[in-house]
Amino acid sequence: MAKMSITFDGFAKLAEDIDGIGGDLHSAVDEALTETQTIVQENLNTAASVYDKKGGGRKGYATGKMYNSIIQDVNIDWKGTVAEVKTGFTGEGGHFAGFMHSIYIMYGTPRMAKDMKVYNAIKGTKTRKEIAKAQEEIMVKHLELGKGG
C-alpha cells in the first residue's frame, strides 16, 4: 500500500489562492486525491491483470490473489490539515497473500526480476506525471469555480 499526496509544483500557491477567495479547498483536495487513487487503480488493473488466474496466469504464480488485493475504494483520511489516500495493494480483508505477492512482483526477489509494469503503475515517471497533471487541473478548476468562472 502506498500513501499518495498532492505532488505538482505550485500546489501551495494554488491552495492559497483557492482559500483566499473563499473556495472550498477541502473538496478540491478530496477530488484531487480521489483522481490520484483512480489513476493508480486503473494502471494496476491493467498491469496486474496478467497475474489474474482468469487472464491465463504468468510464470505459474497466478492465483488471482494479487489482482484481487488492488485497493478499489477511495478512502481519504484527514488528520488536521493533512489528507492521505491509500493506493496500490491491501493486505486487509483476507487479501494478505495477494499483498505479499504484489511486493515480490513489484520489487523482485533474488531469483526473480521485478515486474516493471506493476512497479510503474504506482511509482513510474509516467504515472507521477499523469497524477500531477490531473491534480493541477482539478485545483485550477476549483480556483476558477471559486472566482465565479
Side-chain angles (χ1 to χ4, degrees), residues 1-16 18-19 23-143 145:
M1 170 178 19
K3 292 181 181 175
M4 295 292 198
S5 60
I6 306 288
T7 56
F8 66 90
D9 290 335
F11 166 71
K13 175 73 172 122
L14 267 175
E16 186 179 303
I18 291 170
D19 199 37
D24 189 358
L25 183 58
H26 192 277
S27 76
V29 170
D30 280 353
E31 187 179 338
L33 290 177
T34 298
E35 184 62 19
T36 299
Q37 198 281 337
T38 301
I39 289 168
V40 172
Q41 177 189 341
E42 289 172 357
N43 289 349
L44 282 174
N45 282 336
T46 301
S49 66
V50 297
Y51 294 97
D52 182 3
K53 196 173 198 174
K54 292 175 260 169
R58 184 163 171 187
K59 299 181 186 175
Y61 297 112
T63 63
K65 290 180 181 176
M66 183 179 93
Y67 184 78
N68 293 330
S69 72
I70 297 170
I71 295 174
Q72 303 292 330
D73 300 327
V74 178
N75 194 3
I76 298 169
D77 184 27
W78 281 88
K79 291 180 181 137
T81 58
V82 177
E84 296 177 335
V85 66
K86 294 176 183 174
T87 62
F89 299 95
T90 184
E92 300 167 3
H95 295 294
F96 187 72
F99 175 71
M100 291 305 295
H101 184 74
S102 71
I103 292 171
Y104 301 136
I105 297 296
M106 191 167 159
Y107 294 105
T109 69
R111 295 183 182 193
M112 181 179 77
K114 68 181 174 182
D115 185 314
M116 290 306 295
K117 288 182 181 178
V118 174
Y119 181 86
N120 287 336
I122 299 174
K123 297 184 177 264
T125 302
K126 181 180 175 191
T127 299
R128 287 194 321 259
K129 286 180 180 179
E130 183 180 1
I131 288 170
K133 181 179 181 216
Q135 289 175 345
E136 185 172 12
E137 287 172 358
I138 289 166
M139 297 302 285
V140 168
K141 177 184 82 172
H142 277 268
L143 179 61
L145 287 173

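Keep in mind that what you see is a predicted model, and the values were worked out from it rather than measured.
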Inset, instruction - Compare every heavy atom of K123 with every heavy atom of Y107, then report the nearest pair and how far apart it is. - result: OH-CE, 3.0 Å
Inset, instruction - Quick one: pull up CE in M112 and OH in Y104 and give me the separation to the nearest 0.5 Å. - result: 9.5 Å
Legend entry - Nearest-0.5 Å distance that lies between atom OH in Y119 and atom OG1 in T127: 10.5 Å
Legend entry - K133 with E137: basic N within carboxylate O range, under 4.0 Å: yes
Legend entry - CG (N75) with more than 12 external heavy atoms under 6.0 Å: no
Inset, instruction - Determine whether K126 and N120 make a side-chain contact, defined as any pair of heavy atoms from C-beta on separated by less than 4.5 Å. - result: no
Legend entry - Expected output: side-chain S102 to main-chain M66 donor-acceptor under 3.5 Å: no
Legend entry - Closest non-hydrogen atom pair, A2 against I122: CB-CG2, 4.2 Å
Legend entry - Partners meeting salt bridge (charged side-chain N to carboxylate O under 4.0 Å, His left out) with K3 (sequence neighbours left out): E84
Inset, instruction - Measure the CD-CG distance between E16 and L25 for me, rounded to the nearest 0.5 Å. - result: 10.5 Å
Inset, instruction - Would you give the length of the straight line joining atom CE of M4 to atom CZ of R128, rounded to the nearest 0.5 angstrom? - result: 9.5 Å
Compile the donor-acceptor pairs under 3.5 Å between side chains in residues 28-39 and protein atoms, sequence neighbours left out, one pair per line.
{"from": "D30", "atom 1": "OD1", "to": "W78", "atom 2": "NE1", "distance (Å)": "2.7"}
{"from": "D30", "atom 1": "OD2", "to": "H26", "atom 2": "ND1", "distance (Å)": "3.4"}
{"from": "E31", "atom 1": "OE1", "to": "K141", "atom 2": "NZ", "distance (Å)": "3.3"}
{"from": "E31", "atom 1": "OE1", "to": "H142", "atom 2": "NE2", "distance (Å)": "2.7"}
{"from": "E31", "atom 1": "OE2", "to": "K141", "atom 2": "NZ", "distance (Å)": "2.6"}
{"from": "T34", "atom 1": "OG1", "to": "D30", "atom 2": "O", "distance (Å)": "2.8"}
{"from": "T36", "atom 1": "OG1", "to": "A32", "atom 2": "O", "distance (Å)": "2.9"}
{"from": "T36", "atom 1": "OG1", "to": "Q135", "atom 2": "NE2", "distance (Å)": "2.7"}
{"from": "Q37", "atom 1": "NE2", "to": "I71", "atom 2": "O", "distance (Å)": "2.9"}
{"from": "T38", "atom 1": "OG1", "to": "T34", "atom 2": "O", "distance (Å)": "2.9"}

Legend entry - Side-chain heavy atoms of I76 within contact of V74, under 4.5 Å: yes
Legend entry - Close side-chain approach of D73 and K86, heavy atoms under 4.5 Å: no
Legend entry - From M106 atom CE to H101 atom NE2, the distance as rounded to the nearest 0.5 Å: 13.5 Å
Inset, instruction - With the side chain counted from C-beta on, respond yes when I105 and F89 share a heavy-atom pair under 4.5 Å apart, and no when they do not. - result: no
Inset, instruction - Pick out which of N43, T87, L44, T90 makes a side-chain contact (heavy atoms from CB on, under 4.5 Å) with I70. - result: L44
